Amino acid sequence: MIDKVRQLVVDLLDSGRADAVLALANVHANVQPYLYKKGDSLDSLALWPKYSMGPILKSIQAAQPDMKLAVVARGCDDRALVELAKRGQIDLNNVQIIGLACTADEATECECANPYPANIDVGNKVDGVASTDLLAELKGKSYDDRLIFWKQAFDKCIKCYGCRNACPLCICEECILEDDSWVKAGEIPPPFPIFHLIRAYHLSDKCVECGECQNSCPMDIPLTSLYALIRNEFNELFDYIPGAEIDRKSPLVTSLEEDPIREETA
Amino acid sequence: MSNNGFQPKLLAFCCNWCSYAGADLAGVSRLQMPHNLRVIRVMCSGRVSPEWVIKALSSGMDGVMVLGCHIGDCHYIDGNHRTKKRFAILAKLLGTMGINPNRLYLDWVSASEGVKFQDVVIKFVDRIKELGPTPIGAYQGVKVDR
Amino acid sequence: MAGLVASFGSGAMTNSIDEFEDADCILITGSNTTENHPLIANRILRAQEKGAKVIVIDPRKTQIGDLADIYARQNLGSDVAWLNGLINVIISEGWYDKEFVSGRTEGFEELKAKVADYTPDKIEQISGIPAATIKQIAEAYAKAENGSIVYCMGITQHISGTDNVMSLANLAMVTGNVGKRSTGVNPLRGQNNVQGACDLGALPNVFTGYQAVINDELRAKFEKAWGVKLDGKVGQTIMEMMNNAHDGKLAGMYVMAENPMLSDPDINHVREALENLDFLVVQDIFMTETAQLADVVLPGTTYAEKDGTITNTDRTVQRCRKAIEPIGDSKPDWEILALLGQKMGISNFDYNSPEDVYKEIMAVTPIYAGISYERIENETLHWPCPTADHPGTLFLHSGTFSRGLGALKSIDYREPAEMPDNDYPMQLTTGRMMFHFHTGTMTRNSPALHKEVKESYVEVNPSDAKEQGIVEDEKISIASRRGQIEAKARITNKVGRGVVFIPFHFVEGAANVLTNPALDPVAKIPEYKVCAVKVEKI
Amino acid sequence: MNCDFVLTTCPYCGCGCNFYLQVIDGKAVGVVPCKTHPVSKGTLCIKGWNAHQFVHDEKRLTKPLIKKSGRFEEVSWDEALDYTAKRMLEIKEKTGPDSFGFLSSAKCTNEENYLLMKLSRGVMGTNNVDHCARL
């Protein structure tokens with residue numbers, strides 16, 4: 001698999017179809033994001049563990065908007081790029097996507113239901129993770145028990161903002177969570193449930209299922225499960241998967257005629 | 001837990017053009033209503049950010065109502081379309097986090113519906129009395145030793 | 001550190017960070033772990049998730065105290081008392097590890113006799129911890145298969161700091177909770193390279209790797225390596241230097257990337273001391289309160305502009321890598337020191353890179369001898385690592401202690417140097433918080449952190465606040481025998497009655513204007529964690 | 001345009017988390033946690049996440065300064081170091097090595113601590129060297 005990615009990267013760079021390719025590299029015995037340019041050795045190329053490519057691509061485009069970029073993108077990266085483009089954060093016209101399907105093991109580790117990009121260049125489509133024990137358990141809980149579950153989970157929160165920082169779709173220039181009038185500043189754990197509910201609402205039409213919020217949580221809070229529930233609910237209401245269709249606006253900004261609420265029509 | 005004598009603290013966001021006028025009519029018509037409601041007037045129900053509702057519930061409000069113009073009557077054409085969608089997902093989010101979505105109530109009250117205003121308020125107060133005080137209240141303010 | 005050296009023969013975390021995850025009982029005291037060592041708190045909470053009991057004994061009920069299975073609030077400075085009390089319960093209930101005690105320690109009978117006086121009822125009286133809780137903690141810790149102790153400055157910054165640490169070591173040894181995986185006594189180091197600064201001999205009594213300056217053989221080794229004659233008497237600690245400067249007995253000081261004008265106790269005394277010097281050099285990245293008093297200020301660089309190594313709290317030597325060019329005309333600190341050494345006429349200060357320096361360190365430092373730049377590119381190595389093929393050492397004191405037998409020390413409880421009285425009826429304790437670091441040189445210049453907490457504050461118990469009519473966010477006065485400051489009140493049950501807490505990061509409302517410079521007689525650590533104050537409305 | 005990710009150790013507490021400083025055209029613009037690092041495993045606290053912020057602060061010291069008649073003046077490195085060396089050697093000569101003290105730093109690298117220690121012991125001839133482990 002990795003050889004095929006290597007070949008695609010070399011082709012893009014050598015042919016001049018891309019000025020640089022954003023991928024991962026193994027350096028100092030660790031895996032990191034890396035911007036490959038023509039002539040770079042691709043021996044270091046790596047695929048896993050994944051890093052979120054969207055925000056890095058955004059920072060590169062901001063520094064040099066006319067650069068012809070390519071990016072090795074997994075399903076979640078692919079959806080993040082679409083969603084970022086839709087929201088004016090990046091310009092996909094200048095970007096070529098090398099679509100990489102995740103392996104079954106990788107999908108399991110991420111608890112990912114859709115472990116493949118829209119167009120697969122490398123790898124084979126495998127089934128996603130439909131549900132987990134925790135998701136089933138949470139669905140079965142009463143409201144009071146759920147509240148206790150999340151209260152206990154978020155009692156560990158040290159307000160690192162890692163979930164927000166790592167999220168490819170947290171794109172507000174001024175973050176309401178840092179505004180003392182909304183979330184009292186300087187408190188650990190941050191006030192419950194406002195901090196986490198506001199974030200959940202903001203991500204309800206944006207979450208692309210990358211799991212980076214949980215991956216970056218130093219307190220092991222099961223955010224992937226929280227957002228899996230939210231994505232399902234959003235989809236049930238609006239038949240909408242963030243990052244799936246570049247031409248479709250978020251139902252939260254359209255009228256009822258354009259995008260009706262599903263429960264009603266059913 | 002017995003809810004005898006429990007008087008819920010409730011917040012209502014009413015749009016300027018319809019439901020606030022409806023509330024006004026209820027008042028002028030001297031319709032009797034429980035006094036648990038604090039009303040905030042907004043220009044459109046579409047102006048009510050879900051963050052406001054989250055803030056109110058997180059701050060210990062027992063319930064929040066959002067009242068706007070009927071679909072099709074919005075002064076800003078489709079402001080209340082957005083309200084409807086946002087509050088549909090917000091209700092789901094509350095439930096996911098463990099806050100009973102029945103603490104949130106969205107409805108449409110026109111300027112001529114003073115009686116409907118009275119009716120939805122009475123019903124909402126009863127509903128929250130039934131649910132009891134918000135569990136969030138226990139998580140607010142000065143923490144007490146366990 | 002002096003305490004662990006006396007008990008075990010070496011002073012560092014006995015275990016590595018990942019091992020906490022497999023402990024089945026973790027006793028945390030004097031450490032606000034989630035705020036000040038988040039990634040260690042992560043392992044502790046993972047252990048808890050797997051069923052380990054987490055016990056927190058701290059005067060402040062911080063987040064980790066909230067999350068703990070057992071939390072107890074002790075009176076400030078009462079640590080020897082409750083630790084003796086725990087040991088007493090453990091011995092009298094027969095929960096101690098007889099095999100470990102007889103095979104690996106000395107001094108048990110004396111300790112047993114000493115702690116016999118510390119009955120649960122007496123402990124309750126001194127420490128405020130209920131007798132029943134003492135018993136509960138004693139049982140949980142003593143019966144654990146892999147009991148780990150975690151402590152930080154809340155234990156060491158007392159006049160009895162060394163005693164406190166030796167008492168923790170006693171507790172671990174009596175129960176056989178040391179010298180195994182996930183089992184030991186772990187002081188958490190507060191700054192990214194405190195461990196390294198100690199390891200590299202930035203201490204008045206030792207060269208690198210804890211090689212004593214009074215040892216003729218070791219001194220001869222360094223004399224040969226450096227080609228100079230070296231002094232064989234122990235030098236002055238920072239507190240002694242400050243006192244000597246104050247008394248006119250120290251003429252000059254060179255301060256590298258430190259800000260004693262905020263970090264040292266009794267700041268007014270420090271100011272007088274530094275102003276009294278004939279010559280003060282400060283090397284730093286910002287114009288700190290200390291730099292303002294200097295005759296020469298040399299612009300060093302941040303971590304982002306230099307190569308080098310850093311040794312973390314679990315003895316792992318890691319790389320710091322240059323990411324950007326030095327800002328303006330600033331220079332990496334190693335380069336400044338190398339240039340200055342050359343200017344002072346010394347030939348062997350000619351280094352081209354940090355790796356040059358590091359190779360010299362390896363040559364003279366047995367515990368680092370096997371850890372090279374090349375190896376740490378690919379391996380995680382914890383010292384001691386004496387040779388190039390040594391795998392490093394995850395946990396210390398397996399089979400034998402550095403000093404041979406572990407020393408059980410019989411210690412009596414002593415009151416803090418300054419107890420509350422009629423003039424100063426409340427007690428102050430100080431510490432850190434999540435959003436800022438040390439004297440704020442870096443964090444207060446980071447917008448995202450400044451946004452969270454912009455100014456100093458004082459935590460006041462709700463009952464005390466009510467009594468004095470103090471409300472949230474009200475600016476109040478806090479005074480000790482050494483000075484007075486003002487800070488906004490935060491009313492919280494984190495602190496107990498009669499105790500206030502102030503973080504020490506802020507120059508306005510600086511906690512260390514108030515703190516007591518009384519020192520631990522061995523470690524020479526000031527008693528930051530207890531002094532008497534009065535709290536008043538303005 | 002250059003965009004590099006430089007692996008380094010967090011400058012704050014003793015946990016020893018590692019992260020990548022993202023450097024775009026010579027400027028540290030952000031922090032990316034290192035997912036494969038044994039301590040931090042892709043996570044950081046709020047201080048680590050913002051560890052790039054103070055690096056380019058405009059209040060950074062950029063020139064050597066010497067206080068002349070009560071005011072700091074910018075000087076060259078040569079002047080600053082010559083003057084410092086001269087004053088230190090004068091003190092050593094006049095009042096002896098032990099009338100000088102060194103305060104090293106837990107925020108500096110091992111190499112820097114070693115050099116300051118060597119400067120103190122090997123050049124000034126005093127064991128008066130300490131750092132803030134006690135503080």
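Protein chains get the first letters and strands the later ones, always in sequence-line order, with residue 1 at the start of each. What you see is a predicted model; the values in this text were computed from it and never measured.
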Q: Let me know which of C:Glu240, C:Met253, C:Gln236 forms a side-chain contact (heavy atoms from CB on, under 4.5 Å) with D:Asn128.
A: C:Gln236
Q.
Under the side-chain contact (heavy atoms from CB on, under 4.5 Å) test against D:Tyr114, which residue among C:Leu337, C:Asp199, C:Val364 passes?
A. C:Val364
Q: Could you tell me the separation between the CG atom of D:Leu116 and the CG atom of C:Asp333, rounded to the nearest 0.5 Å?
A: 9.5 Å
Q: To the nearest 0.5 angstrom, please state how far the OH atom of C:Tyr303 sits from the OG1 atom of D:Thr109.
A: 14.5 Å
(Q) Would D:Lys118 pass as a cation-pi partner of C:Phe349, given that its NZ or CZ must be under 6.0 Å from the six-membered ring centre and within 45 degrees of the axis? (A) yes
(Q) Could you tell me if D:Arg121 sits above the aromatic ring of C:Phe207, with its cationic atom closer than 6.0 Å to the ring centre and no more than 45 degrees from the axis? (A) yes
**Q.** C:Pro204 side chain near D:Phe102 side chain, heavy-atom distance below 4.5 Å
**A.** no
Q.
Any heavy-atom pair between the side chains of C:Val194 and D:His131 that's under 4.5 Å?
A. yes
**Q.** Segment of D:Thr95 engaging chain C (4.5 angstrom heavy-atom cut-off)
**A.** side chain
Q. Using non-hydrogen atoms only, which part of D:Ile91 is less than 4.5 Å away from chain C: side chain, backbone, both, or neither?
A. side chain
Taking NZ, NE, NH1 and NH2 as the nitrogens, is one of them in [X] or [Y] under 4.0 Å from a carboxylate oxygen of the other?
X        : Y       : value
C:Asp295 : D:Lys67 : no
C:Lys343 : D:Asp78 : yes
D:Lys41  : C:Asp18 : yes

Q: Would you please say whether a donor-acceptor pair under 3.5 Å links the side chains of D:Asn127 and C:Lys233?
A: no
**Q.** C:Ile238/D:Leu103 under side chain to side chain contact (heavy atoms under 4.5 Å, CB included): CA gap, chis, key distance, verdict
**A.** CA-CA 7 Å; C:Ile238 168 169; D:Leu103 191 47; 3.6 Å; yes
